[in-house]
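One structure is given below, encoded as structure tokens.
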Amino acid sequence: MCLAVPGEILSIDEGDPILRKARVSFGGMVKEVSLALLPEASEGQYVLVHAGVGISIVNDAEAERIFDYLDQLGELEESGGASS
Amino acid sequence: MKYIDEYRDASNARRIADEIRRVTTGPHAIMEVCGGQTHAIVKFGIDELLPPAIELIHGPGCPVCVTPVELIDKAIAIARQPDAVFCSFGDMLRVPGSRDDLFRAKASGADVRIVYSPLDALNLAKNNPGKQVVFFAVGFETTAPANALAVFQAHQSNIENFSILCSHVLVPPAMEAILSSPDCRVNGFLAAGHVCTIMGYTEYEPLAKKYNVPIVVTGFEPLDILHGVLLCVRQLEEGRAEVENQYARSVSREGNRHAQRLIETVYQIAPRGWRGIGTIARSGLALRPPFDRYDAERRFDVSEIVAHESEDCISGLVLRGVKKPRECPAFGTRCTPDHPLGAPMVSGEGACAAYYRYKQSEPAVLAGPCA
């Protein structure tokens with residue numbers, strides 16, 4: 001029920017803000033999505049979509065942070081600073 | 001697919017699991033609040049990667065599961081009205097009411113349709129002016145704005161043949177009900193990431209302080225959940241009780257303000273009955289004037305319906321994290337997905353369904369390199 005999936009905005013149909021919608025690609029499958037709750041979303045961005053409605057823009061920098069953290073863990077392991 | 005596959009990488013998941021083992025002295029009982037997280041945990045075998053000192057408890061985060069029997073009965077009664085088209089997400093169709101479910105109502109001739117979005121139901125109403133189109137508005141804070149958007153658009157376009165059967169529930173009051181219960185054994189929470197996408201996480205800060213529990217806003221992929229557990233365990237080991245945000249790629253502290261404004265415009269806070277738990281004050285949403293003209297309970301005469309709940313189902317104990325699905329004597333025998341006694345066995349987010357589906361086979365992903 002609370003499942004939401006990230007997809008890439010291919011194009012936006014502007015107009016009445018409450019009816020604003022976009023074509024969004026989910027790994028190649030394209031669906032129409034309401035962007036009424038994301039007035040700042042633009043083409044090329046990834047948005048999290050739930051029940052046909054975009055609910056947040058995926059923040060690239062924050063998405064990378066966990067992988068930076070994993071790299072740090074890996075360096076610790078290599079230097080013998082962490083053990084399993 | 002971007003933002004999914006890389007968060008399922010097995011070697012990275014094991015690296016975080018190793019770190020969890022390194023920092024844990026335990027024991028710690030951590031509740032994941034969202035049923036989507038429960039399914040990911042069981043499907044990917046995340047619980048089996050954790051040290052024995054950490055127990056994951058499954059919480060009440062399945063809105064389908066907590067929808068009262070009475071509302072299922074009302075949904076069936078509305079679906080059977082002449083000229084009614086009853087629309088729902090697929091999860092609700094097999095959820096048992098007192099005597100029947102929506103799937104059987106459909107099989108016996110009721111016009112019950114599965115939709116992907118409440119906006120699809122609104123389009124059905126626009127295209128079928130001779131029908132009364134009703135959408136089963138079930139869900140937490142994540143789903144509330146999509147449903148509010150459909151009602152708002154109906155109001156704006158003056159569409160009269162659309163309404164919603166409202167069963168919205170709110171997560172923080174449920175968490176507080178669990179924390180204040182005498183049988184509570186939860187030491188920390190993984191908060192439902194998509195709920196926080198909408199509401200942010202300021203509401204959790206007083207809860208963390210009052211009950212001295214860490215609350216970590218967590219995503220849904222295996223790496224997210226393991227990282228959420230690590231952040232929660234670190235707090236427990238260090239004696240901290242704060243709100244942390246693991247799911248920062250989609251969640252900000254203040255949430256989606258446009259969605260919050262829409263929710264406040266269309267809904268008001270209301271008491272709500274939770275299946276298996278009972279009524280929790282201020283734990284739900286109801287349509288406020290002038291949008292209450294889209295309330296299906298007002299439009300159809302279903303006020304006299306009295307529900308009867310199976311006494312064999314222990315879903316209330318499962319939903320409060322007091323019992324695990326396999327502790328139910330009916331699990332897998334008298335209660336199966338084909339013949340469920342309660343909603344947790346059929347919902348896509350139900351804990352019993354997750355155990356039935358995944359606990360009888362190998363974990364789906366983390367045994368292999370990636371999925």
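Here the structure is a predicted model, which is why all the values come from computation and not from measurement. In what follows, chains carry the letters A, B, and so on, assigned in the order in which the sequence lines appear, proteins first and then strands, with residues in each chain numbered from 1. Reckoned from all heavy atoms, side chains included, excluding hydrogens, waters and symmetry mates.
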Just give me the residue among [options] that pairs up with chain B most often, heavy atom to heavy atom, under 4.5 Å.
{"options": "A/A51, A/A36, A/A61", "value": "A/A51"}
{"options": "A/V5, A/I57, A/L38, A/L37", "value": "A/L37"}
{"options": "A/D16, A/V47, A/I18", "value": "A/I18"}

Distance from [X] atom [atom1] to [Y] atom [atom2], nearest 0.5 Å?
{"X": "B/I198", "Y": "A/H50", "atom1": "CD1", "atom2": "NE2", "result": "8.0 Å"}
{"X": "A/I55", "Y": "B/E141", "atom1": "CD1", "atom2": "CD", "result": "11.5 Å"}
{"X": "B/H227", "Y": "A/L70", "atom1": "NE2", "atom2": "CG", "result": "7.5 Å"}
{"X": "B/Y247", "Y": "A/E62", "atom1": "OH", "atom2": "CD", "result": "12.5 Å"}
{"X": "B/L223", "Y": "A/Y69", "atom1": "CG", "atom2": "OH", "result": "10.5 Å"}
{"X": "B/R249", "Y": "A/R65", "atom1": "CZ", "atom2": "CZ", "result": "12.0 Å"}

Would you say that [X] contacts [Y] through its side chain, given a criterion of any heavy-atom pair below 4.5 Å between the two side chains?
{"X": "B/L149", "Y": "A/S34", "answer": "yes"}
{"X": "B/Q246", "Y": "A/I66", "answer": "yes"}
{"X": "B/P145", "Y": "A/V53", "answer": "no"}

Taking the cut-offs as 6.0 angstrom to the six-membered ring centre and 45 degrees off its axis, would you call B/K2 and A/F26 a cation-pi pair?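 No - B/K2 does not lie over the ring of A/F26 by the 6.0 Å and 45° rule.
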Select, from [options], the one with the greatest count of heavy-atom pairs under 4.5 Å involving chain A.
{"options": "B/R257, B/Q156, B/H39", "answer": "B/Q156"}
{"options": "B/S347, B/S117, B/A192", "answer": "B/S117"}
{"options": "B/T197, B/D224, B/D120, B/L262", "answer": "B/T197"}
{"options": "B/S250, B/G36, B/A146", "answer": "B/S250"}

Considering only heavy atoms, which portion of B/N256 lies under 4.5 Å from any heavy atom of chain A: side chain, backbone, both, or neither?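 Interface part for B/N256: side chain.
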Please classify the contact of B/I20 with chain A as side chain, backbone, both or neither, using a heavy-atom distance under 4.5 Å.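 Neither part; nothing is under 4.5 Å.
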Go through the steps to decide whether A/E8 and B/M1 satisfy the test side chain to side chain contact (heavy atoms under 4.5 Å, CB included), and finish with yes or no. CA-CA 10 Å; A/E8 184 182 10; B/M1 199 158 78; over 6 Å; no
Would you name the heavy atoms of B/Y3 and A/P6 that are closest together and state the gap between them?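 Taking every non-hydrogen atom into account, CB-CG, 3.8 Å.
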